[in-house]
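Here is the structure we will look at, set down as structure tokens.
In each ligand, atom 1 is the first atom listed, and ligand 1 is the first ligand listed.
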Amino acid sequence: MRIAVSKGRILQEALEIFARAGIVPEVDPERSRQLILPCRDSDLELVILRAADVPTYVALGAAELGVTGSDVLMESRIAGLYEPLDLNIARCRLVVAGPAGAAACLTRPRVRVATKYVRLAQEFFAARGQQAITVKLYGSMELAPLAGLADCIVDLVDTGKTLEANGLESYQTLAAISSRLIVNRGAWKLHHDQVMPVLARLRHAVEANQEHA
Ligand code: ATP
Ligand code: PRP
């Protein structure tokens with residue numbers, strides 16, 4: 001079976017949980033440029049992808065299992081997936097943020113929002129009765145209000161250091177974020193005997209990880 005794993009900060013923490021579950025790639029994915037990584041003593045292999053591509057691989061059956069952020073899952077809302085386990089890693093918050101002291105933009109009828117999470121931002125502002133004019137960006141979101149591109153941003157916050165360093169503050173939290181194990185629905189039914197033991201090992205590993213946190 002194949003497990004699609006987000007590269008970047010999720011990968012580092014996911015590898016620790018995998019190791020506890022006895023899932024150990026033969027080469028170190030953080031050093032190797034190899035994208036398909038067979039695991040020691042098993043028929044499992046890891047494929048290393050961008051976070052946003054993980055649900056696509058799993059939903060279309062190119063990987064049976066996957067690990068990606070709940071932010072990505074909420075935004076993409078791809079069908080054909082089960083989400084049986086919260087790995088409780090890469091934890092952060094999805095927030096509306098903007099220049100310190102300028103939260104009044106949350107009360108205006110129209111607001112310009114820079115974000116990677118266009119769908120979630122649209123839904124958040126629509127529920128408040130505000131019209132959101134969204135600007136889709138792919139990184140360095142905090143720059144947008146400073147450069148006059150937007151009134152506020154919808155983005156991830158962990159330590160809050162990036163906001164603080166740029167004179168911004170969080171106005172409101174939309175969701176708590178962590179990484180999830182996802183399973184292709186077809187694989188869940190057809191390969192139940194292979195999926196379940198891996199899920200059980202990962203569940204125990206997550207519990208052990210939390211005890212040692
Ligand atoms: P890419 O590098 O592929 O463009 P990215 O910049 O979103 O994507 P990462 O920054 O590694 O890649 O983020 C991947 C996932 O890690 C996010 O979807 C989220 O679930 C989590 N994440 C992102 N930023 C943080 C953070 N500051 N603290 C904790 N988790 C985070
Ligand atoms: C993420 C996120 C914030 C930052 C928050 O960016 O988009 O910018 O981390 O973390 P903090 O609250 O601990 O400062 P990332 O580092 O992935 O860079 P990016 O702008 O390229 O997405």
Side-chain angles (χ1 to χ4, degrees), residues 3-18 28-35 37 46-59 62-63 65-78 81 83-100 103 113-121 123-124 134-147 149-183 202 206 209-210 213:
I3 310 178
V5 189
S6 167
K7 61 181 169 187
R9 61 188 96 218
I10 290 176
L11 180 61
Q12 208 176 0
E13 290 186 72
L15 286 174
E16 287 173 31
I17 290 184
F18 285 164
D28 180 354
E30 292 181 302
R31 289 166 188 243
S32 169
R33 300 286 297 164
Q34 216 174 301
L35 297 174
L37 302 161
L46 306 184
V47 290
I48 312 299
L49 304 172
R50 294 184 74 164
D53 291 336
V54 169
T56 309
Y57 266 69
V58 178
L65 307 172
V67 174
T68 194
S70 54
D71 52 322
V72 170
L73 296 169
M74 287 193 299
E75 177 67 17
S76 64
R77 223 167 288 170
I78 290 182
L81 299 174
E83 201 186 303
L85 183 62
D86 184 347
L87 298 179
N88 215 6
I89 57 173
R91 292 173 60 184
C92 52
R93 290 176 300 129
L94 184 68
V95 305
V96 187
V113 188
T115 188
K116 196 164 29 171
Y117 305 94
V118 170
R119 187 208 293 253
L120 294 173
E123 287 177 355
F124 171 79
T134 47
V135 180
K136 168 108 184 179
L137 295 177
Y138 296 88
S140 302
M141 227 61 67
E142 293 81 358
L143 181 60
L146 307 179
L149 194 63
D151 303 310
C152 61
I153 61 175
V154 169
D155 195 23
L156 300 175
V157 174
D158 177 20
T159 61
K161 284 182 182 164
T162 313
L163 289 181
E164 194 186 344
N166 292 290
L168 306 181
E169 66 180 12
S170 169
Y171 300 154
Q172 197 168 321
T173 297
L174 276 63
I177 303 299
S178 59
S179 295
R180 308 294 161 91
L181 181 76
I182 53 173
V183 184
L202 286 170
V206 169
N209 214 35
Q210 266 144 235

Task: Leu156: numbered ligand 2 atoms lying under 4.0 Å from its heavy atoms - done: 2 (C), 3 (C), 5 (C)
Would you mind checking which non-hydrogen protein atom is closest to [atom], with the distance to 0.1 Å?
| atom | value |
| --- | --- |
| atom 3 (O) of ligand 1 | Arg50 NE, 2.8 Å |
| atom 20 (O) of ligand 1 | Asp71 OD1, 2.7 Å |
| atom 9 (O) of ligand 2 | Arg9 NH2, 3.7 Å |
| atom 15 (C) of ligand 1 | Ile10 CD1, 3.6 Å |
| atom 7 (O) of ligand 1 | Lys116 NZ, 2.7 Å |
| atom 14 (C) of ligand 1 | Ala51 CB, 4.0 Å |

What atoms of ligand 1 come closer than 4.0 angstrom to any heavy atom of [X]?
| X | value |
| --- | --- |
| Val72 | 18 (O) |
| Leu156 | 17 (C), 19 (C), 22 (N), 23 (C), 24 (N) |
| Asp158 | 26 (C), 27 (N), 28 (N) |
| Gly69 | 20 (O) |

Donor-acceptor contact present, side-chain [X] to main-chain [Y], <3.5 Å:
| X | Y | result |
| --- | --- | --- |
| Thr68 | Ala51 | yes |
| Arg180 | Ser70 | no |
| Tyr57 | Ile3 | no |
| Glu75 | Val118 | yes |

Using atom types as modelled, flag every donor-acceptor pair under 3.5 Å from a side chain in residues 155-169 to any protein atom, sequence neighbours excluded.
residue : atom : partner : partner atom : Å
Thr159  : OG1  : Lys161  : N            : 3.1
Asn166  : ND2  : Thr162  : O            : 2.7
Glu169  : OE2  : Gly101  : N            : 3.1

Open item on the list: For the CG atom of Leu87 and the CG atom of Asn209, what is their distance to the nearest 0.5 Å?
Closed with: 9.0 Å
Open item on the list: What's the separation between atom CG in Leu73 and atom CG in Leu81, rounded to the nearest 0.5 Å?
Closed with: 7.0 Å
Task: N or O contact, Tyr138 vs ligand 2, cut-off under 3.5 Å - done: no
Task: Polar atom proximity, Met141 to ligand 2 (N or O, under 3.5 Å) - done: no
Task: Non-hydrogen atoms of Pro84 and Leu181 that approach each other most closely - done: CD-O, 3.2 Å
- [ ] Using heavy-atom distances, let me know which of Arg91, Glu13, Arg9 sits nearest atom 22 (N) of ligand 1.
- [x] Arg9
Task: Shortest reach to atom 12 (O) of ligand 2 by a heavy atom, considering only Ala51, Gly160, Ala165, Ser170 - done: Gly160
Task: Asp155 contact mode with ligand 2 (heavy-atom cut-off under 4.0 Å) - done: side chain
TODO: Compute the shortest N/O to N/O distance between Ala90 and ligand 1 and return yes if it is under 3.5 Å, no if not.
DONE: yes
Task: Heavy atom of protein closer than 4.0 angstrom to atom 12 (O) of ligand 1 - done: no
